Every structure is written in structure tokens, then in C-alpha cells.
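Nothing here was measured: the structure is a model prediction, and the numbers come from that model.
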Amino acid sequence: SLSTLSEPERPKSEKPIDQLALTRGAILLPKGMLQIEPFMDYTRISSDRVAINGFSVFEAIVVGTIRVDRVFRDIYTSGVNVRYGLLNRLQLEARVPFVYRQDRELIGIGTTQETDRTIHKADIGDVEGTLVYQAVIGTDVMPDVLLRLKGRAPTGTDSFEVPTAIGQGGEVRLLKTPTGNGFYTMAPGVQMVWRTDPIVYYLGGNLLINMERNVGGSFGTITPGNTTEFFFGLNLSVSERVSLNMTFYDSWTDNTRQNGRRIAGTSFNSGLLLLGTALSISPTTTLLVTGGIGITKESPDFQLVIGLPLTFKLPSAFQLPDKLSWLPGW
């Protein structure tokens, strides 16, 4: 477990129960700890109105009216998550994904003009960075309170950058799949954590604020709708090496606007149930497996994530000083 790497040893009530709790943001790494997590993520979608964390699959938002009777999307994401304990209550995180996305579209189902086409593309996704601060250290009654601020940059290929063509019905068609959102995003959030060994309960929320972008041409200024996220879950320690996790996510996204005009049909609600397990391979290595099931029409059908976090203690020469007079509480 991660607690064997921290010095000095924390009280039992403050020991990290599991790597899954760290992944869900319920605990932070101790000061000077570095974690590198290679991961692989597969997502299956069978709807034309689905939101994925990291990039948008709403082609109609950016390329005009698109006629799709049925669409199947397979999204493979690999990359690395990095976490570093700047201080005992301050953590820095980064996520660098590489995305391969394949879309199969069935058009004009049941008509004489029924067609089936497949498009795909592989490229870097949108890079994220997050700062997490534990504002309140909980007691038997009072929960821990963690504040976070996440930023996302449009480093992936977005829908404005891929080539398009005009279909038989005059509709716009993408010739390659996007791998990024195309917009800068800021996301403040808060999370509360209750510890009752062997269970950790948590709930919280995030507000994803998407910055408008002047695309030019016939598109003009595009302002994606902001997204409000809510989540709650629990982490159960089964043994010293194994734990289980269950998390429910729900998000509401406002309508996108083009040149100040609201685009109908671009608001949605997405719910996802995540079930995960963690196996401690060694004091510094953990295997994570998480499966997700969509529970609304706009959610992914299925999601599978596999991660292998590797944790290291950096030498004191690479750590921040123990006392920082300009930060309260340190």
C-alpha cells in the first residue's frame, strides 16, 4: 500500500486505504511522492449524442447538420497519468492521452439508399493538468474537504481540423474522426471524504467551463455549453492487497451557442456507473481494473480502464522546502 512509503507513518485513521481511492481523488500522495500510471481505456458507444471526458463527439456542434441513423464508436485511449505530492496537502496531476477512434455510421436504414461507412484517426488527445488542495482535515464527524482546479488544452485534433465532404442528401460528413475537444476548459471542483475503516465514502462535483472560440469562416464564434458534474461512491478494503470501488457519475451539459445563438439538441445528460478493483502487486505497484456501464441514452455503452500506477519517493533535493511561509498551514 502507499502508506508504507510515507514517512513518518500516518495514524491509522489517515492511512490511504487503496490506490483506487487515490485515483478517485479521495486521498492525496504524501509530500515528495511521485506516481506514474500508464493506462489503457476502451470505450464503446452506439449513439450520436455522447460525451466523453477529454473530448467531444458531438459532430453536429461544429460541422452543421449531420444525418446519422445509427453510429457505433470504438475509442481506444492509452497514455500516462502523473501525480506528485508537492506538499502533504497539495498535489499536482497531469494526464497525457493518445487516442485512436473509429466510427461506423449506418445511414438511411430501411431505405434504398442505405449506406455503411467507417472513418478513423489516431493522434494525441487533449492534455490535462490539475492542482488539488486538502482544505480541511476531517474528524470522526467532519469530512475531509478537497478542492481542485483542472485545466484542459485542445492539443488533440478537433472537428474543425479534419477534412469534410458533402453527402448525397447535402449533409456535411467528416472524413476522419476527431481526437480532441477543440476548446480550452477550466474545471473547479470540490470533494468531501468520510473515513470509516474499512470503507471510505466520498461525494463531490465539478463545473467544466468551456471557453468560446472564434473558428472563423461559416462557423463564426462557437461557445460549448458548460458541464456540471456530480459523483458519489465508496471504496472498500477487502484485505491488505485487494479493494473494491463503486462510483456513480452524472453530468448535465448546457446547449452550445454559435454566434450567440443557442443550437437546439446540444444539451444532454450522461450517467455512468463505475465498478473497480485494485490488486497490490508490491509496495510500489498496483494493478487497477475498472468497468463502466452507461445508464442514460447519452452515456457510453461500456468502458474498460486498466492502469498500473508506479510510486516513487523522490530525493529531498528534488522536493519543496518543509516550511513555506507564504502558504497558510505549512
Would a hydrophobic clustering, with Ile, Leu, Val, Met, Phe, Trp and Tyr connected at side-chain separations under 4.5 Å, put [X] with [Y]?
X	Y	answer
Phe230	Met246	yes
Phe98	Tyr76	no
Ile75	Val305	no
Met40	Val96	no
Ile306	Phe39	no

What distance do [X] atom [atom1] and [Y] atom [atom2] have between them, rounded to the nearest 0.5 Å?
X	Y	atom1	atom2	value
Trp252	Thr228	CH2	OG1	7.5 Å
Phe72	Gln102	CZ	CD	12.5 Å
Leu22	Leu288	CG	CG	9.0 Å
Ile222	Arg257	CD1	CZ	12.0 Å
Asn206	Met186	CG	CE	12.5 Å
Thr223	Gln258	OG1	CD	9.5 Å

Do the non-hydrogen side-chain atoms of [X] and [Y] ever get within less than 4.5 Å of each other?
X	Y	result
Leu28	Asn88	no
Leu131	Leu86	yes
Gln303	Leu274	yes
Thr247	Tyr202	yes
Pro188	Leu149	yes
Pro300	Ile45	yes
Leu146	Val193	yes
Val127	Arg152	no

Decide if atom [atom1] of [X] counts as having more than 12 heavy atoms of other residues, nucleotides or ligands within a radius under 6.0 Å.
X	atom1	result
Met211	CE	yes
Tyr100	OH	yes
Tyr184	OH	no

Any donor-acceptor N/O pair, [X] side chain to [Y] backbone, under 3.5 Å:
X	Y	result
Gln91	Leu29	yes
Asp126	Gly156	yes
Asn245	Gly276	no
Thr196	Ile199	no
Thr290	Leu275	no
Thr157	Thr179	no
Asn259	Thr221	yes
Ser159	Pro178	no
Asp103	Arg73	no
Thr277	Ser243	yes

*Do Arg101 and Asp74 meet the salt-bridge criterion of a basic N to acidic O distance under 4.0 Å?*
no
*Is Asp123 paired with Lys176 through a side-chain N to carboxylate O contact shorter than 4.0 Å?*
no
*Pick out which of Arg148, Arg24, Gln134 makes a side-chain hydrogen bond (donor to acceptor under 3.5 Å, both in side chains) with Gln191.*
Arg148
Specify the closest pair of heavy atoms between [X] and [Y], including all atoms of both residues, with the distance to one decimal.
X	Y	result
His120	Thr177	C-OG1, 3.4 Å
Ile119	Leu175	CG2-O, 3.5 Å
Phe231	Val190	CZ-O, 4.5 Å
Asn214	Gly220	OD1-O, 3.5 Å
Pro309	Thr286	CD-O, 2.8 Å
Asn226	Ile209	OD1-CA, 3.3 Å

*Look at the rings of Phe248 and Phe232 and say which category their plane angle falls in: under 30° parallel, 30 to 60° tilted, over 60° perpendicular.*
tilted
*Which residues pass the side chain to side chain contact (heavy atoms under 4.5 Å, CB included) test with Ile293, sequence neighbours left out?*
none
Let me have the donor-acceptor pairs involving side chains of residues 78-85, under 3.5 Å, with sequence neighbours excluded, atom names and distances please.
from, atom 1, to, atom 2, distance (Å)
Asn81, OD1, Arg95, NH1, 3.3
Arg83, NH1, Gln35, OE1, 2.7
Arg83, NH1, Glu37, OE1, 3.0
Arg83, NH2, Glu37, OE1, 3.0
Tyr84, OH, Phe318, O, 3.4

